[in-house]
Number of protein chains: 2
Amino acid sequence: MGLAKTEIFTDLQNEIALYAKVFGHPARVAILEHLFKINACVCGDLVNEIGLAQPTISQHLKELKNLGLIKGTVEGTSVCYCIHKENWTQMKEVMFKFLDQDLPKSNCC
Amino acid sequence: MGLAKTEIFTDLQNEIALYAKVFGHPARVAILEHLFKINACVCGDLVNEIGLAQPTISQHLKELKNLGLIKGTVEGTSVCYCIHKENWTQMKEVMFKFLDQDLPKSNCC
DNA sequence: CCTATTAATCGTAATATTGCAATATACAAA
DNA sequence: TTTGTATATTGCAATATTACGATTAATAGG
């Protein structure tokens, strides 16, 4: 199949999975880390920064954009990318709640 | 290809991606949430709890176990699962650091 | 030993992902 | 208009993932 049965899970579970999936590739992690490090817009040097071909980077950027985690604004012939602050904060809340659940006190096994 | 070029990324980037990948499926999110909710060991009722076939659940559990996020201890004919507290805490630190990076103050785009 | 129960593994079909060459698009500068 | 530059899209090959039926292990209780 290769197809997740999303209909049997809650919206929140699917949302968490979607966010996590996009972080599930080191190239996208690297892109995001670079955007954070530069702390501003980045115009196209991502292809040089990360060692993947231009179409591949473009594809990863698209996935990040589709989830709303980054923004891209056209600037002449190039496109400037940066973190979408509001959406990132919102995503962070969802992921934190999932990751930060209370661990059982008892040592069960 | 379908094969990530892990060798061109840092160990940390690959580690983050591996953790995120395992959370990138709603079934595994649901399994973990159930383990947190029960707050103790769970003996095999995951198949009933989540609406997937037994081999499918078993496969998802294996992936969670491979990453060390859960433990499974044999108890007679059944197996009891629970969160691996130490490893979960360690994973949380890694993911928090990634998710909680400082957002740029300036509005770039 | 035999049988039932539970969970893991195997095999396989359907689908998704990754990466890139080739190409297309969009715009700036000459 | 033409040329160059930057990015997006298309198409495809290789591989990965998801799901499950069938089967296999492992153990408990007769």
Side-chain angles (χ1 to χ4, degrees), chain A residues 1-9 13-14 16-31 34-35 41-67 70-82 109, chain B residues 1-9 13-14 17-32 34-35 41-67 70-82 109:
Chain A
M1 311 238 150
L3 172 66
K5 281 190 157 183
T6 52
E7 71 277 6
I8 66 172
F9 303 106
Q13 285 164 346
N14 284 313
I16 291 168
L18 278 181
Y19 281 137
K21 205 177 192 178
V22 94
F23 299 136
H25 193 289
R28 291 189 289 266
V29 172
I31 288 172
H34 187 65
L35 291 183
C41 280
V42 144
C43 289
D45 55 335
L46 282 164
V47 177
N48 306 322
E49 196 65 31
I50 302 166
L52 292 171
Q54 179 266 321
T56 309
I57 297 290
S58 188
Q59 194 178 287
H60 285 306
L61 286 169
K62 193 179 175 184
E63 283 173 73
L64 290 167
K65 229 187 316 184
N66 282 346
L67 257 192
I70 64 171
K71 282 189 285 191
T73 40
V74 179
E75 199 127 322
T77 50
S78 58
V79 180
C80 282
Y81 292 101
C82 64
C109 40
Chain B
M1 311 237 150
L3 172 66
K5 280 188 155 183
T6 52
E7 70 278 6
I8 66 172
F9 303 106
Q13 285 164 347
N14 284 314
L18 278 181
Y19 281 137
K21 205 176 191 178
V22 93
F23 299 137
H25 194 290
R28 291 189 288 265
V29 172
I31 288 171
L32 290 166
H34 188 65
L35 292 184
C41 278
V42 145
C43 288
D45 54 334
L46 283 164
V47 177
N48 306 322
E49 196 66 30
I50 302 167
L52 292 171
Q54 179 266 321
T56 310
I57 297 290
S58 188
Q59 195 177 286
H60 285 305
L61 286 168
K62 193 180 175 184
E63 283 174 70
L64 289 167
K65 229 186 316 183
N66 282 346
L67 257 191
I70 65 172
K71 281 188 285 190
T73 40
V74 179
E75 196 125 327
T77 49
S78 58
V79 180
C80 283
Y81 292 102
C82 63
C109 42

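Values below: every heavy atom of this structure, side chains too, minus hydrogens, waters and symmetry copies. Per chain, numbering begins at 1; letters A, B, ... match sequence-line order. No experiment lies behind these values; they were computed from the predicted model shown.
Projected onto DNA chain D by closest heavy-atom contact, A:Q54 and B:E63 fall at different nucleotides, the more 5' of which corresponds to A:Q54. Toward the 5' end of DNA chain C, the nearer of the two residues A:Q59 and A:G76, judged by each one's closest nucleotide, is A:Q59. The 5' end of DNA chain C is approached more closely, in terms of each residue's nearest nucleotide, by B:S58 than by the other of A:T77 and B:S58. Nearer the 5' end of DNA chain D, as judged by each residue's closest nucleotide, is the contact made by A:P55, out of A:P55 and B:R28.
Considering only heavy atoms from C-beta on, A:T73 stays 4.5 Å or farther from A:V79 through its side chain. Within the 4.5 Å cutoff, the side chain of B:L52 has heavy atoms near those of the A:F9 side chain. Inter-residue side-chain proximity for A:I31 and A:E49 is flagged as unmet; no heavy-atom pair is nearer than 4.5 Å. At least one side-chain heavy atom of B:I8 sits less than 4.5 Å from a side-chain heavy atom of B:K5. Two residues are said to be in side-chain contact when any heavy atoms from C-beta on lie closer than 4.5 Å; A:Y81 and A:K65 meet this criterion.
In this structure, the helix from C:dC1-D:dG30 to C:dA30-D:dT1 shows an angle of 20° between the axis at its start and the axis at its end, each fitted on 5 base pairs and rounded to 10°.
OP1 or OP2 of C:dA8 sits under 4.0 Å from a side-chain N or O of B:K65. For the OP1/OP2 pair of C:dA8 and a distance below 4.0 Å, the side-chain nitrogens and oxygens of B:Y81 include at least one atom meeting the criterion.
Within 4.0 Å of A:I57, counting heavy atoms only, lies no atom of the nucleic acid at all. Heavy atoms of B:T56 sit under 4.0 angstrom from at least one base atom.
In the 5' to 3' direction, nucleotides of DNA chain D lying under 4.0 Å from heavy atoms of chain B begin and end at D:dA13 to D:dA28.
Atom-to-atom, CD1 of B:I70 to C1' of C:dA8 comes out at 13 Å; the value is rounded to the nearest Å.
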*asked:* Is there a disulfide bond (SG atoms under 2.5 Å apart) between B:C41 and B:C82? Walk through the geometry before answering.
replied: CA-CA 5 Å; B:C41 278; B:C82 63; 3.9 Å; no
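The CG atom of B:L35 lies 8.0 Å from the CG atom of B:L61; values are rounded to the nearest 0.5 Å.
Aromatic ring orientation, A:H25 versus A:H60: tilted (interplanar angle from 30° to 60°).
The shortest heavy-atom contact between B:V29 and B:F23 is CG2-O, 3.4 Å.
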